[in-house]
There are 2 protein chains.
Amino acid sequence: MPRRPRVSPDRILAAAALEFAERGFAGARVDRIARRARVNKAMLYYHFGSKAMLYRALLRGLFAQAGQRLEAIARSDQPPGAKMDEAILVLAGFLREHAFFPAIMLREIAEGGAHLDRDTLALMAVLPRTIASIVVDGTERGVFHNVHPFFTYVSLVAPIAFYLASAPIRTEVLQHHLRAGGDTTPDAFVAHVQETVRRMLVRNSADLPRSL
Amino acid sequence: MPRRPRVSPDRILAAAALEFAERGFAGARVDRIARRARVNKAMLYYHFGSKAMLYRALLRGLFAQAGQRLEAIARSDQPPGAKMDEAILVLAGFLREHAFFPAIMLREIAEGGAHLDRDTLALMAVLPRTIASIVVDGTERGVFHNVHPFFTYVSLVAPIAFYLASAPIRTEVLQHHLRAGGDTTPDAFVAHVQETVRRMLVRNSADLPRSL
DNA sequence: GTCTATACTTCGATAGAC
DNA sequence: GTCTATCGAAGTATAGAC
């Protein structure tokens with residue numbers, strides 16, 4: 001059973017990810033994507049049909065994978081607090097593995113989903129729903145403080161995406177000697193978000209790690 | 001002393017704000033901005049020189065105003081905890097007054113400051129620096145837990161900008177019956193961020209409001 | 001300061017050979 | 001499946017009259 005050649009589409013998707021992250025949907029140039037993928041433009045259209053379809057194919061893959069990882073954690077057999085800790089770690093890990101993804105997320109929020117179809121939107125909605133399910137579970141079991149499930153999602157995904165996507169502008173600001181941000185590492189920031197969410201959700205201070 | 005006519009430039013800036021927020025720098029169309037401002041394109045170029053200069057003029061004004069409001073709070077005579085509470089309220093208030101601003105902020109982070117000059121970058125950097133100064137002050141006075149000042153800034157600005165900018169996509173998701181987010185209000189979300197940051201910064205649980 | 005008409009460029013997409 | 005060449009639309013910017 002001969003498998004279809006996957007190398008060309010995959011290289012195009014990888015190139016598109018970089019281009020869309022750096023320039024946004026409107027700013028991305030199909031010629032540049034093709035060149036970066038070392039494929040000619042006609043090939044790109046042959047595989048994906050249009051710029052918009054290429055964009056959606058990219059986002060579907062990204063959100064599907066991220067959603068699956070989070071859902072696995074939600075299904076796992078751990079106390080809610082541990083699930084939340086791991087969810088933050090895994091989501092941040094996914095965004096760091098795909099360094100172009102944070103910028104695309106921020107842009108897509110700002111864009112209001114203008115270039116997305118129903119399917120892609122549905123895959124995107126898995127993320128907040130999964131985090132919300134962990135929050136609801138913890139609240140019902142009485143181990144979490146009563147916090148709005150969707151607010152919890154925003155409180156963790158926004159800082160992570162914002163922090164990771166802001167690396168270029170922080171470098172820019174540093175080069176101009178404007179000093180805002182200082183020295184930080186992604187590891188430290190993810191730990192900070194975990195700690196923040198723990199403090200946000202904890203019921204009694206006895207459960208808090210270290211010194212509150 | 002005759003003052004120059006400010007109505008045309010102001011209308012152009014207002015129209016540009018909407019266009020850049022909805023479509024981003026690359027997606028924005030100068031024709032559309034001119035039409036929305038009810039001036040012809042030549043007028044726009046007469047006042048602002050180019051699309052990029054118009055964009056920068058808009059961002060300078062926005063960040064200058066926002067920065068001034070935050071700095072006034074930092075200078076005020078209040079305990080650090082009250083300053084932080086008010087800083088969040090005022091920053092969120094500013095973003096809500098200028099409903100197009102959150103989307104522009106997210107886009108500019110993703111863009112890596114590509115269309116900004118040194119001046120605009122400097123005005124932008126005032127925001128994290130001012131929040132950081134409040135955190136450092138509170139930590140030195142011993143009323144705040146030792147949290148990274150820049151992390152604190154990201155932890156409050158990112159959720160607020162993300163939440164406010166996500167209104168269109170949340171509406172979109174709701175219309176497709178995908179249910180993620182549910183019923184929320186900006187007021188409730190801002191209160192949530194205040195509470196989150198309080199819990200993040202508080203030293204002893206006795207200082208925590210309500211039941212922790 | 002304000003307008004119309006247009007020059008010049010870039011971009012998404014496709015035709016058609018192999 | 002892969003390529004070259006190119007079309008037509010859309011975009012930024014400006015010339016030049018008033």
Side-chain angles (χ1 to χ4, degrees), chain A residues 1-60 104 107-108 110-111 113-117 120, chain B residues 1-59 104 107-108 110-111 114-117 120:
Chain A
M1 196 158 124
R3 60 193 157 98
R4 277 169 300 159
R6 291 275 73 194
V7 46
S8 217
D10 284 355
R11 273 223 313 276
I12 293 170
L13 281 173
L18 294 178
E19 178 74 6
F20 284 128
E22 281 175 20
R23 320 248 184 182
F25 180 80
R29 296 295 164 244
V30 176
D31 289 88
R32 245 192 320 249
I33 294 174
R35 191 157 35 79
R36 284 176 125 156
R38 282 167 304 159
V39 163
N40 63 70
K41 218 174 10 165
M43 200 69 264
L44 188 154
Y45 280 100
Y46 173 80
H47 281 298
F48 292 97
S50 76
K51 183 181 176 180
M53 287 192 276
L54 169 59
Y55 184 68
R56 286 193 288 266
L58 172 66
L59 288 204
R60 270 199 303 274
I104 291 180
R107 288 186 194 276
E108 202 44 49
E111 208 87 343
H115 314 285
L116 302 184
D117 53 8
T120 315
Chain B
M1 196 157 126
R3 60 194 157 97
R4 277 169 300 158
R6 290 274 74 192
V7 44
S8 219
D10 285 355
R11 274 222 313 275
I12 293 170
L13 281 173
L18 295 177
E19 178 73 6
F20 284 127
E22 282 174 20
R23 321 248 183 179
F25 180 80
R29 297 293 164 245
V30 176
D31 290 88
R32 239 183 334 239
I33 295 174
R35 193 156 33 79
R36 283 175 125 155
R38 284 167 304 161
V39 297
N40 63 71
K41 225 182 350 176
M43 199 71 264
L44 187 153
Y45 281 101
Y46 173 80
H47 281 296
F48 292 96
S50 74
K51 182 181 175 179
M53 288 193 274
L54 170 59
Y55 184 68
R56 286 194 287 267
L58 173 67
L59 287 205
I104 290 179
R107 288 185 194 276
E108 202 44 50
E111 209 87 342
H115 315 284
L116 302 185
D117 53 8
T120 314

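Predicted model, so just to flag it, every value in this text is computed and none were measured. The analysis underlying the following values was restricted to heavy atoms, covering all of them including side chains, and did not include hydrogens, waters or symmetry mates. Naming: A, B, ... by sequence-line order, numbering from 1 per chain.
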**Prompt:** Residues in salt bridge (charged side-chain N to carboxylate O under 4.0 Å, His left out) with A:D117, at least two apart?
**Reply:** A:R56, A:R60
**Complete:** A:A17 meets the side-chain contact (heavy atoms from CB on, under 4.5 Å) criterion, sequence neighbours left out, with A:L58, A:F100
**Item:** Any residue meeting side-chain contact (heavy atoms from CB on, under 4.5 Å) with B:A15, in chain and number order, not counting sequence neighbours
**Value:** B:I33, B:R36, B:A37
**Prompt:** Run the side chain to side chain contact (heavy atoms under 4.5 Å, CB included) check on A:M43 and A:N40 step by step: do they pass?
**Reply:** CA-CA 6 Å; A:M43 200 69 264; A:N40 63 70; 3.8 Å; yes
**Request:** Find the distance B:I12:CD1 to C:dC3:C1' and express it as a whole number of Å.
**Result:** 13 Å
**Residue list, side-chain hydrogen bond (donor to acceptor under 3.5 Å, both in side chains) with A:R32, at least two apart or on another chain** = A:E19
**Asked** What's the CG-P distance between A:L54 and C:dA13, to the nearest Å?
**Response** 10 Å
**Item:** Exercise: identify the closest heavy-atom pair between B:P9 and B:F48
**Value:** O-CZ, 3.8 Å
**Item:** d(CG, B:L44; P, C:dT4) in whole Å
**Value:** 15 Å
**Asked** What is the distance from CZ of A:R35 to P of C:dC11, rounded to the nearest Å?
**Response** 10 Å
**Request:** Quick one: list whatever passes side-chain hydrogen bond (donor to acceptor under 3.5 Å, both in side chains) with B:D31, sequence neighbours left out.
**Result:** B:K41
**Prompt:** Does D:dC3 have OP1 or OP2 sitting under 4.0 Å from an N or O in the side chain of A:N40?
**Reply:** yes
**Message:** Using C1' atoms of five pairs at each end, report the bend of the helix from C:dG1-D:dC18 to C:dC18-D:dG1 rounded to 10 degrees.
**Reply:** 10°
**Request:** Nearest whole angstrom, please: distance from the P of C:dC11 to the CD1 of A:I33.
**Result:** 12 Å
**Asked** With B:R11, which residues qualify under side-chain hydrogen bond (donor to acceptor under 3.5 Å, both in side chains), at least two apart?
**Response** none
**Fill in**
From CE of A:M43 across to C1' of D:dT2 the rounded distance in Å is 6 Å
**Fill in**
Given protein heavy atoms under 4.0 Å, the one-letter contact record of nucleotides 11-18 of chain D, with B base, S sugar-phosphate only and - none, is simply SBBBB---
**Item:** By side-chain hydrogen bond (donor to acceptor under 3.5 Å, both in side chains) - contacts of B:E108 (at least two apart)
**Value:** B:Y55
**Message:** On the nucleotide D:dT2, are OP1 or OP2 found under 4.0 Å from the side-chain N or O atoms that A:H47 carries?
**Reply:** yes
**Prompt:** Just how far, in rounded Å, is P of C:dG12 from OH of A:Y55?
**Reply:** 14 Å
